[in-house]
Amino acid sequence: MHKRFDHREIEKKWQEKWRTDGLYDIGERDQTKEKEYVLVEWPYPSGNLHIGHWHAFAVPDIYVRYRRMNGVQVLYPMGFDAFGLPAENAAIKHKLNPREWTESNMAYMRKQLDSMGNAFSWDKTTSSTDPEYYKWTQWMFTKFFEHDIAYRGEGVVNWCPGCHTVIANEQVQSDNTCERCDSIIEKKKMPQWMIRITDFANELIDDIEPLNWPDHIKESQKNWIGRSKGAEIDFVLSVGEKVTIFTTRPDTLFGATYLVLAPEHELVQKYKNQILNLTEVGQYIKTSSQKAEADRLDASKEKTGVKLEGITATNPGNNEQIPVYIADYVLAGYGTGAIMAVPAHDERDFAFAKKFSLPVKQVVGKICGRRESIGKHRTGVYGLLQNEKGEYLIQHFKKHNYHWLPGGGLEDGEDHEECLMRELKEETGFSNFTNITKLTEIFLDYTPKAGNESARNHSIIYFAKVDSSNQGDISLTPGETEHGLSTEWVPPDKIDQYLRNTSMEERSEFIKTAIACAEGGNYAGGGILLNSCEFDGINSDEAKVAITRKVGGRLTNTYRLRDWSIGRQRYWGTPIPIVYDPEGRAHPVPLEHLPWRLPEDVDFTPTGEAPLAKSAELKQRTEELFGAGWTPEVETMDTFVDSSWYYLRYIDNHNAAEFSSLEAQKTWLPIDIYFGGAEHNTMHLLYSRFWLKALKRLGLAEHAEPYARRVNRGLILGPDGNKMSKSKGNVVDPDEQVERVGADTVKMYLAFMGPYGEMANYPWDMGGIAGLRRFLERIYGLSDHLKNEMSEGEENLLHKTIKKVTEDIKVFKFNTAISAMMIFVNQVEKTGLTKGSYEILLQLLAPFAPHLTEELWATAGKTTSIHTCAFPTFDPELAKNDTVTIGVQINGKVRGQITVSPSAAENEVLAAVQATEQLQTRLSESTILRVVYVPGKILNIVIKD
RNA sequence: GCCCGGGUGGCGAAGUUGGUAGACGCGCAAGACUUAAAAUUUUGUGGCCGCAAGGCCGCGCGGGUUCGAAUCCCGCCCCGGGUACCA
């Protein structure tokens, strides 16, 4: 019978002791120790800690404690991101002050956070609503304003005509109506405070590469920024004005058969008197302003648009007159808000052209090729095309697990080129390849795993010269195949999909077709132009430059990323520290008047006016400080601004003279690990990365990147497997759980659910948590099993356990670390353990169950905290196994097992297998063709019956 | 729609430089203890066939490569996150 422990008493006792001892306060930087800055996303004080907060804060605490036990000075701060909409909504609903609501929430949540027993560095805390915090948010804004990083610009907002105010996307219902008044929401351009984040777009893309982040997050960030190389080209309209379009495909200029402007494009308003169908156009503009952006871009939805009657444009390539449309698949905020439409080479343009019966003119050829599977060691794709000099471009795309073989298996004495020539002859039936030259190798975007460099994906391009006398049998029309009209280049990884229905028998015919089709162009950036006057026959990459130059265009990058609109017509946020002089010019509020306090005399119920506009005190304050006729800015800042620099305040939270000294930054930055949820992988990470770069540009920061490493956690679901929500009634209250089974159990259960660094979803399971409680109870009773002598295998198991726990904590696989300790306990409960082993187990467990282990440590007679001990180390020799059981396969199927020494040689193992009665019978009547032996893993015997 | 993830027993999962699929925990079943229950404890537990030995099938679905595939390649399906004023 196990002793049960009283978690309520133990946890309370030790939390108080740790607090009075200041055990976790970080204090000054201790230069004798390595530093580590572990950051978790600061919570919004919604009023109640939920189980997701536990998952976010208590599980990384395991790592923090582990590192401290390794002698590292680990900064693990916590604070509150306390401005935001929910406080204002609660205030409106319950007629309270947002500050009171927020502060009482923070006080309550602080108690809840304390109940975790985490090793938080509370001496470094801060909160975004603290005037000493937002003072610096404001100061940085004024610096950005002075350096033109912050500016007054135009932004697109959700405008509710009913409430007469801007509303959040979240407040827009799925039918595009306002959640408060059900009016239809309109997109509206309004003057906005903007941050010039696009100025940093290149740095934000380029600096991300060296970071120790998961590739998928880097990918998300890059995609969000969406850099595309292209060109701006001016088209002259019949009204005499130029319109600048952006295109990523200037090489297709000659295929532009119409022009499309975003409905919001300024020229539409400017020349509305020239538009003959203005009523129809006006109607369309209104309708599209009422559509969500995602709907406008939805490729599956039918394209809409209206022709601007009375206006045409001149294609600067060929001087053709082409019609001008407005269509909402073109966005005002991307590129220049105007495009040249090339239906032959853009899917969206093609769909639009089909609907409006516009001409489609192809100006590059199409992809040709076929998937091959020849012989044992290769599979690949050939693409062939011909340029104007009568040369064939042959592309061979190859993906193989073992190694890359250009063109396939080399025969004796053959080099790569000879090999490819031979195979091309065999495969195509053409015998007239006379010369073949490797042009270039392309490494596809793929990172080889360590030690396996040969396995990367290649594409290799060869030029093959062909005797031109033998081309009579190639005659097909470019652009036409059984696959229909091609409207885009097909990238290498889509070739399989494109060609999958082609059978092996058609091979020779297909490749002939491919060669013929290739008279037009190709894919992968090397296309050849058609129907483009003097550019015919030129490679499309060259044509991009040449055509842009010819028509006076400019090669540019454009970004999907838009400048950051930070103004909010809300009360509960950091006031934008700007005042306007009587002439309406904006001036930053100088440092001596910061913090520019949020006024208290405000009615924040929505009336259509920004809440701060209603403050008499703010008006008066402005006039007093700056003079009569001066007026305050009445907008507050997006809360993403507050959370863009909180990690800088943590490290210097009492500094009254600076937001964060360079000294503190040198000491603590960069953040070594930033734990957080996937929901912040794009916007928050991008904004905060930007913020530091902007500070650095102004000489206010030391580093260019804040987060050296990013780790995502999964999501905790309700017991029913759905996302927790009050309406579903599946919310798990952590306080109840802690009361019932204790903080250590809750923490360990969350750690045990699955690997921490993976973005899976984990349903909460009441039975599962009971299992962890049982485990801790067994630990509590383990001192009954103490004995003086080591049992057989105890030392080996102990060292294996230390090894496993150590290795797993380092990679945040707390689940398997716990499982290793369970295996240890399962064993020693049967055989007993020495006091030494027992104490090491407690130390291993200390980061996971800090209260219980501290209690047992004290019970064992120790007078100092277990959390100040060094983490146990293992001896690799003692952790080794002297035998290993491997699987025996026959023709790839497992037919038995055999226990051998890990270092046994293949012939020894094979002999042992042949001596085994059970396997002998299977082997005796057969011929062994091949034996594959992987030491420590398997022995596979390939036989023929 | 677009971008990024995830999918392995009844459940959470382990196992990924390709090498015995299901460690550990939950649940379930049977036994011990108990007047009984709870708690505790022992044993068993992927599915199908078989008394057993053993066999066949199994990692969302369909193909492929390989002596060998959860793992690599191609094509799909379902679920989750983000989508710029929720934080």
How far, in whole Å, is B/G31 from B/G22 if one measures between their C1' atoms?
26 Å
Does A/Gly936 reach a base, just sugar-phosphate, or nothing at all? Heavy atoms under 4.0 Å.
nothing
Under 4.0 Å, heavy atoms only, any strand: does A/Val157 hit a base, just the sugar-phosphate, or nothing?
base
Ion pair check, A/Glu777 and A/Arg4, cut-off under 4.0 Å:
yes
Scan A/Asn826 against the nucleic acid and name what it touches under 4.0 Å (heavy atoms): base, sugar-phosphate only, or nothing.
sugar-phosphate
With a 4.0 Å cut-off, would you call A/Arg348 and A/Glu302 a salt bridge?
no
Which atom of A/Leu49 lies closest to which atom of A/Met109, heavy atoms considered:
CD1-CE, 3.7 Å
Is A/His684 touching bases, backbone alone, or none of the nucleic acid, heavy atoms closer than 4.0 Å?
nothing
Please state whether the phosphate of B/A84, meaning OP1 or OP2, lies under 4.0 angstrom from any side-chain nitrogen or oxygen of A/Arg562.
no
With distance as the sole criterion, do the side chain of A/Glu758 and the base of B/G5 form a donor-acceptor contact below 3.5 Å?
no
Is any side-chain nitrogen or oxygen of A/Arg774 closer than 4.0 Å to OP1 or OP2 of B/G27?
yes
Kindly state whether the ring of A/Tyr756 and the ring of A/Phe812 have centres lying under 6.0 angstrom apart.
no
B/U83, OP1 or OP2 - any side-chain N/O from A/Asn169 closer than 4.0 Å?
no
Under 4.0 Å between a side-chain N or O of A/Thr816 and OP1 or OP2 of B/A14?
no
Base, sugar-phosphate alone, or nothing: which one does A/Gln192 contact when heavy atoms must sit under 4.0 Å apart?
base
Does A/Lys893 make a side-chain N or O approach to OP1 or OP2 of B/G58 shorter than 4.0 Å?
no
Hey, which sits more toward the 5' end of RNA chain B by its nearest nucleotide, A/Pro755 or A/Val934?
A/Pro755
OP1 or OP2 of B/G68 under 4.0 Å from side-chain N/O of A/Arg930
no
Side chain A/Asn223 and base B/C3 donor-acceptor under 3.5 Å:
no
Side chain of A/Ile938 only, please: which of B/G12, B/G19, B/A87 is the nearest?
B/G19
Minimum-distance nucleotide to A/Arg895 side chain [options: B/C85, B/G82, B/C56]
B/C56
Looking across every strand, which nucleic acid part, if any, lies under 4.0 Å from A/Phe775 by heavy atom: base, sugar-phosphate, or nothing?
nothing
Under a 90° cut-off about 0 for the syn range, is B/G9 syn or anti?
syn
When rounded to the nearest Å, what value does the distance between C1' atoms of B/A70 and B/C57 take?
16 Å
Pairing partner of B/G10 (Watson-Crick or G-U wobble, both distances under 3.5 Å):
B/C26
Please confirm whether the shortest side-chain N or O distance from A/Lys813 to OP1 or OP2 of B/G15 is below 4.0 Å.
yes
NZ/NE/NH1/NH2 to OD/OE distance under 4.0 Å, A/Arg570 and A/Glu88:
no
For RNA chain B, whose closest nucleotide is more 5', that of A/Arg560 or that of A/Ala82?
A/Arg560
For the C1' atoms, the ones on B/C78 and on B/G44, what distance do you get once it is rounded to whole angstrom?
35 Å
Would you mind classifying the nucleic acid contact of A/Leu561 as base, sugar-phosphate or nothing, using non-hydrogen atoms under 4.0 angstrom?
base
Option passing side-chain contact (heavy atoms from CB on, under 4.5 Å) with A/Thr102 (candidates A/Phe80, A/Trp572, A/Phe83)
A/Trp572
Just how far, in rounded Å, is P of B/A69 from CG of A/Asn940?
10 Å
Answer with base, sugar-phosphate or nothing: what part of the nucleic acid does A/Phe752 contact at a heavy-atom distance below 4.0 Å?
base
